[in-house]
There are 2 protein chains.
Amino acid sequence: MAQPNADPSSIDFAALNLLRVVHELGSFTAAAEKLNINQSAVSYTIAKLRACFHDPLFVREGGRQVSTDRCEEILARSLQMLGMLDEMLQPDAFDPGSATQNVTIACNYYERVLLIPALVSAIRREAPGMTVKVINALGDGHLRLLNREADVLVGPFARSESGFHSRRLYAEEYACLMDAAHPLADTALDIDSYLGLNHVLIDYGGGWQSAYLRELEAAGHRIAPVVIAPSPAGLATLIVESDLVATVPRRLGEWNSDRLKIADCPFPGRFDVSLVWAAHTNASAMHRWLRELIWRISRP
Amino acid sequence: MAQPNADPSSIDFAALNLLRVVHELGSFTAAAEKLNINQSAVSYTIAKLRACFHDPLFVREGGRQVSTDRCEEILARSLQMLGMLDEMLQPDAFDPGSATQNVTIACNYYERVLLIPALVSAIRREAPGMTVKVINALGDGHLRLLNREADVLVGPFARSESGFHSRRLYAEEYACLMDAAHPLADTALDIDSYLGLNHVLIDYGGGWQSAYLRELEAAGHRIAPVVIAPSPAGLATLIVESDLVATVPRRLGEWNSDRLKIADCPFPGRFDVSLVWAAHTNASAMHRWLRELIWRISRP
DNA sequence: GGTATTCATCGAATTTTTCGATGGCAGGTA
DNA sequence: TACCTGCCATCGAAAAATTCGATGAATACC
């Protein structure tokens with residue numbers, strides 16, 4: 001049977017609770033019954049605590065086990081600790097209605113225009129106390145996640161490394177945006193006529209290359225842009241009443257389509273828009289809620 | 001090998017410390033080395049914590065184990081708890097110089113006169129911040145100890161019931177106190193001359209009977225007191241220049257012996273003056289100090 | 001004085017934890 | 001690409017800790 005382990009770090013919460021019950025009942029036997037264990041198990045654990053704290057903790061005085069002063073001190077802290085354990089065990093609850101946290105979303109122009117407005121509105125409706133921050137994902141959105149600068153990343157980012165999870169929101173492709181009066185506005189664009197257009201090229205910089213360009217270059221072609229812009233902002237104004245053509249994600253084109261026309265692109269550069277998050281936020285209730293919300297608002 | 005125990009109360013402080021070390025080092029293997037245990041033991045304990053908290057706690061992100069938000073919360077409380085454990089383990093230290101506690105001593109007239117002055121002076125010298133309270137022990141000093149009304153009991157109380165400890169301070173006996181001019185002041189008192197004296201009887205009440213009286217009555221005698229007093233206070237004034245004789249503990253007589261004479265009593269009713277304390281104070285540093293102090297000042 | 005409780009202790013049984021070895025996975029390197 | 005290498009999960013066996021039921025000693029209660 002051997003002596004109980006006198007190493008204090010081997011004390012567990014069951015032992016602290018046992019101390020509490022023995023103190024409450026003033027009896028080892030009664031405590032054993034209450035805890036549904038054998039009386040000798042109570043003796044064993046008390047012996048262990050006695051060895052750890054170098055104090056008898058309980059002494060018999062007229063039929064009752066009475067606690068020493070030291071025991072009272074230890075018990076006071078034990079009660080605190082048992083309370084803290086209960087708090088720790090509390091499942092990670094998240095109540096949108098009362099939450100006041102901040103969420104940070106990393107994304108780029110496309111998502112800011114097409115997803116963020118609906119997302120912000122949904123967050124404000126479901127969680128009025130929360131604040132939203134949007135930061136540029138650029139090409140290194142994954143780093144933002146790792147550095148905890150962002151809670152989620154939305155965009156055309158395939159899940160690559162480990163340490164991340166992702167969920168595909170929807171498929172997207174590139175299409176050609178041009179003035180409704182453009183000569184080729186109502187024809188089907190073949191490769192040659194496409195390549196010969198007066199292109200507006202969106203170059204986000206930072207080494208990012210749009211999928212349709214990769215597809216086009218992989219097929220051995222090249223386009224000579226007439227205008228290069230750093231983002232699609234103001235693109236509609238640029239194209240309207242001109243002979244310029246921009247190749248942009250289809251939904252972005254549709255968003256601009258008041259006086260413009262959208263045509264299929266021979267190099268559609270299909271890609272997935274995904275929601276990406278760091279593994280360390282995977283189990284968090286708030287993050288699960290946020291991801292579900294993003295999924296919902298991204299449904300067509 | 002079986003699954004780890006998912007009962008939260010089986011979590012011990014070693015597990016919380018392991019959590020701390022893993023968090024600090026970002027690696028199970030490194031934590032195992034630091035803690036001088038096998039890596040699989042670390043995995044085992046982390047698996048247990050994961051099961052208890054229903055959270056992965058650590059996820060691999062780019063070669064490093066990164067903590068989840070939940071893990072951070074749990075860790076924060078764990079650190080607090082580890083701190084509290086350290087406090088609890090602190091041996092029950094007592095520093096007289098800085099102590100500000102109160103000590104309560106239960107005793108009766110005899111000890112208040114013969115021991116308390118020296119004790120109070122010793123306490124004031126060694127522990128200037130402490131306060132002393134003296135309460136009457138009467139006949140039920142043991143109850144005062146059990147009720148925590150007194151820290152120690154000093155007096156002619158044999159250790160009787162369990163739940164108490166005691167230490168014999170010294171032996172005492174009764175002697176006869178009379179005026180130095182009393183006719184029998186210089187003769188040896190035999191039983192008959194003793195019984196025929198004009199006795200002053202101290203009757204403390206409460207059923208307490210002095211040892212010499214028990215001895216005398218056990219021998220089939222009886223005395224007819226001339227004066228009955230409830231305590232020896234003022235006894236000297238009463239006896240001086242009178243033919244009265246009081247039978248009192250010898251040291252009490254000596255304390256009064258300015259103009260009085262002490263004679264051996266044929267019924268010395270020897271008894272021990274003891275220090276008695278409740279078992280629940282046995283291990284307390286303050287109480288040990290107090291008891292040692294009382295022992296010292298009671299040396300002749 | 002006898003009887004019933006209560007806690008400590010014993011040996012055996014059980015459970016938990018640790019160990020050493022192995023396998024899968026991801027990262028870094030040739 | 002393909003191979004190492006380091007890291008964690010898992011396995012079976014071994015060790016350690018805990019629990020059990022029984023018994024003994026001390027004490028409270030008749």
Side-chain angles (χ1 to χ4, degrees), chain A residues 1-15 17-18 21-23 25-52 56-67 142 146 159-165 279, chain B residues 1-15 17-18 21-23 25-52 56-67 142 146 159-165 279:
Chain A
M1 35 126 260
Q3 286 310 102
N5 184 348
D7 174 4
S9 70
S10 76
I11 297 172
D12 61 14
F13 290 99
N17 188 53
L18 184 145
V21 174
V22 168
H23 182 266
L25 301 178
S27 153
F28 291 17
T29 306
E33 279 174 29
K34 178 152 181 172
L35 295 170
N36 286 110
I37 55 175
N38 194 298
Q39 168 264 316
S40 74
V42 174
S43 281
Y44 177 88
T45 301
I46 293 288
K48 168 175 169 160
L49 293 173
R50 283 173 168 166
C52 289
L57 303 177
F58 296 99
V59 292
R60 209 184 176 108
E61 277 182 8
R64 216 182 137 72
Q65 293 294 127
V66 172
S67 55
H142 291 84
L146 286 187
R159 176 195 173 195
S160 44
E161 307 101 299
S162 76
F164 296 97
H165 294 119
Chain B
M1 39 126 260
Q3 286 309 105
N5 186 348
D7 174 5
S9 70
S10 76
I11 297 172
D12 61 15
F13 290 99
N17 189 52
L18 183 144
V21 174
V22 169
H23 182 266
L25 301 178
S27 153
F28 290 18
T29 308
E33 278 174 31
K34 177 152 182 171
L35 295 170
N36 285 110
I37 55 175
N38 193 295
Q39 169 264 317
S40 75
V42 175
S43 281
Y44 177 88
T45 301
I46 293 288
K48 169 175 170 160
L49 293 173
R50 284 173 168 165
C52 289
L57 303 177
F58 296 98
V59 291
R60 208 184 177 107
E61 276 181 11
R64 212 181 139 75
Q65 294 292 129
V66 172
S67 56
H142 290 83
L146 287 187
R159 174 193 175 199
S160 44
E161 305 100 299
S162 76
F164 296 96
H165 293 121

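- Counting only heavy atoms from C-beta on, B:Asn5 has its side chain closest to C:dT16 among C:dT16, D:dC20, C:dT6.
- Nucleic acid contact class of B:Ser43 (heavy atoms, under 4.0 Å, all strands): base.
- Using a 4.0 Å heavy-atom criterion, one finds that A:Ile37 contacts the sugar-phosphate atoms exclusively.
- Between B:Ser27 and D:dC8 there is a side-chain polar atom (N or O) within less than 4.0 angstrom of OP1 or OP2.
- If you measure from atom OH of A:Tyr44 to atom C1' of D:dA16, you get 9 Å, rounded to the nearest angstrom.
- The separation between B:Glu61 atom CD and C:dC25 atom C1' is 16 Å, rounded to whole Å.
- Closest approach to the A:Gln39 side chain among C:dC19, D:dT19, C:dA8 is made by C:dA8 (side chain taken as heavy atoms from C-beta onward).
- Rounded to a whole Å, the CZ atom of A:Phe28 is 18 Å from the C1' atom of D:dC20.
- Rounded to whole Å, atom C1' of D:dA16 lies 13 Å from atom CG of A:Asp7.
- Between the side chain of A:Ser40 and the base of D:dG21, a donor-acceptor pair under 3.5 Å is found.
- Using five terminal pairs a side, the axes of the helix from C:dG1-D:dC30 to C:dA30-D:dT1 at its two ends make an angle of 30°, given in steps of 10 degrees.
- With rounding to the nearest 0.5 angstrom, the OG atom of B:Ser9 is 8.5 Å from the CD1 atom of B:Ile11.
- Nucleic acid contact class of A:Arg50 (heavy atoms, under 4.0 Å, all strands): sugar-phosphate only.
- Look at B:Lys48 and you won't find any side-chain N or O under 4.0 angstrom from OP1 or OP2 of C:dT16.
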Sequence neighbours left out, cut at 3.5 Å: what donor-acceptor pairs do the side chains of residues 27-36 of chain B make with other protein atoms?
{"from": "B:Ser27", "atom 1": "OG", "to": "B:Thr29", "atom 2": "N", "distance (Å)": "3.2"}
{"from": "B:Ser27", "atom 1": "OG", "to": "B:Ala30", "atom 2": "N", "distance (Å)": "2.9"}
{"from": "B:Lys34", "atom 1": "NZ", "to": "B:Glu24", "atom 2": "OE2", "distance (Å)": "3.3"}

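- Between C:dC7 and A:Thr29, a contact under 4.0 Å exists linking OP1 or OP2 to a side-chain N or O.
- A sub-4.0 Å separation between OP1 or OP2 of D:dG21 and a side-chain N or O of A:Asn38 is present.
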